[in-house]
**Q** 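Starting off with a structure, shown below.
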Amino acid sequence: MKRDANTQKWLEETWEKVRIKMTAECGRLGETIPFAPKNGRYFDVENTPLGLGFWTNGFWPGMLWQMAHATGDERFKTAARGVERRLDAVLTSLDGVDHDAGFLFLLSAVADWRLTGNGESRRRGLHAANLLAGRYNPAGRFIRAWDDRKGENPQWLNADGSVCGWMIVDCMMNLPLLYWASEETGDPRYRHAARNHARTAQQRIVRPDGSCNHLVSLDPETGELLDAPGGQGYGPGSSWSRGQAWAVYGFALSYRHTGDREFLDTAKRCAHYCISCLAVNDWLPLVDYRSPKEPVKYDSDAGLITACGLLEIAEHVENLEKDLYTDAALRILRACAERFCDWDPDTDGIVGGGTTYYHDPGGRMSELPIIYGDYYLIEALLRLRGDAAFLW
Ligand code: GLY
């Protein structure tokens, strides 16, 4: 990929800052499982309300595997293996893992298998794929999001107390675990579940203009659409930017794994919508692209995930189309890095400006460094340098 000298210089300088900071963090953290730093330091999530099965726990090993692949430094691999072993506890607990098995195990065990051929890691990945496939609802043709086994979330039940069939756009990123399991075993069942879920998401979650719902409630007996609440975004009909990002990247990945052209077209439609929203806002992602002008609140992570999705799309389109996606990805990356990155190797967390959900009254989970932002920053940089490990 040819690019101008200024961009290339920026990429190399930014990568060097990442390398220095990641080496320092790896030395401090090892197999600690981080989420967001407190007073500049990560803490382990195991004995917190998040717990070992939290959806973000694959991102630190994912960052370590990307670094191990790009640098050959064994210290990254040792730390990634340590986290992978710790996540075994999740595989053997009924409440351990939900629809986010892909986020957890693609970036830990499956990454290990792909990069080193470690057979134990392959078994972990297939075990996780079985747990994810077990959530597939064949009548509604979707993978059920979340759980309510303990009755802790009565607001997630239907008025008559029955279980809702929640389906969320985030889950598009978990499907590659199922595609991988079919590629690995030759058994098409995993792929059938993933492809059907993606088709249902096209119909129920993506709107004709490329914007998305975060979540929909489907009748678990028929798949009929019951409700489309606002979820982590501003409200019903709005456009939660991280959900938009999951759609861009997730549909592009479903195209990669199935070759179904309609998934690439959906990814492009969602991408064009995101690009237009970002282009009028200095390439900085608001938490919701369809919310009131005030308060101004960002989610840098939505931008970085979108950038990776755009780079994935660029791999699959014709030559004359590629620059649109690559240039937009670079603009987002530079805007987010310049505005939100902390390059001090002595503090934990690289990208600030991450926001978990729009409605956050105390602001505790708004505009802070969150581990997945750092993962997608590293993946985007490495994709642009041509030495990313493919982990999806
Ligand atoms: N569960 C994925 C997200 O919050 O984006």
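Counting starts at 1 for both ligands and their atoms, in listed order.
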**Q** Establish, for the pair R242 and Y372, whether the NZ or CZ atom is under 6.0 angstrom from the six-membered ring centre and no further than 45 degrees off its axis.
**A**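 Pair R242/Y372 does not count as cation-pi.
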**Q** For ligand 1, which atoms sit closer than 4.0 Å to a heavy atom of W55?
**A**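 Near W55, the atoms of ligand 1 are 1 (N), 2 (C), 3 (C), 4 (O), 5 (O).
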**Q** Would F54 count as a contact residue for ligand 1, given that I'm defining contact as a non-hydrogen atom of the residue lying under 4.0 Å from a ligand atom?
**A**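 Heavy atoms of F54 never come under 4.0 Å of ligand 1.
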**Q** If you take the nearest heavy atom of each of H214, M173, R242, which one is closest to atom 4 (O) of ligand 1?
**A**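 Nearest option to atom 4 (O) of ligand 1, by heavy atoms: R242.
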**Q** Mind checking whether F105 and W113 have ring centres under 6.0 Å apart?
**A**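 Between F105 and W113, the centre distance exceeds or equals 6.0 Å.
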**Q** What is the distance from atom NE2 of H99 to atom CH2 of W166, rounded to the nearest 0.5 Å?
**A**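 Rounded to the nearest 0.5 Å, the NE2-CH2 separation comes to 12.5 Å.
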**Q** Shortest non-hydrogen contact from A129 to L178?
**A**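 Scanning both residues, the minimum pair turns out to be O-CD2, 3.6 Å.
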**Q** Within ligand 1, which atoms have a heavy atom of W240 less than 4.0 Å away?
**A**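 Those qualifying, in numeric order: 3 (C), 4 (O), 5 (O).
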**Q** What is the ring orientation for Y179 with H257, classed by angle as parallel under 30°, tilted 30 to 60°, or perpendicular over 60°?
**A**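 Plane angle under 30°, so parallel.
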**Q** Out of D170, D299, I305, who gets a non-hydrogen atom closest to atom 3 (C) of ligand 1?
**A**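 The residue whose heavy atom sits nearest atom 3 (C) of ligand 1 is D170.
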**Q** Looking at ligand 1, is there an atom of it that comes within less than 4.0 Å of some heavy atom belonging to Q232?
**A**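 Contact check Q232 vs ligand 1: positive.
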**Q** Between atom OG of S108 and atom CG of L87, what is the distance when rounded to the nearest 0.5 Å?
**A**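 Reported value, rounded in 0.5 Å steps: 5.0 Å.
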**Q** Determine whether any heavy atom of W246 lies closer than 4.0 Å to an atom of ligand 1.
**A**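 Contact check W246 vs ligand 1: positive.
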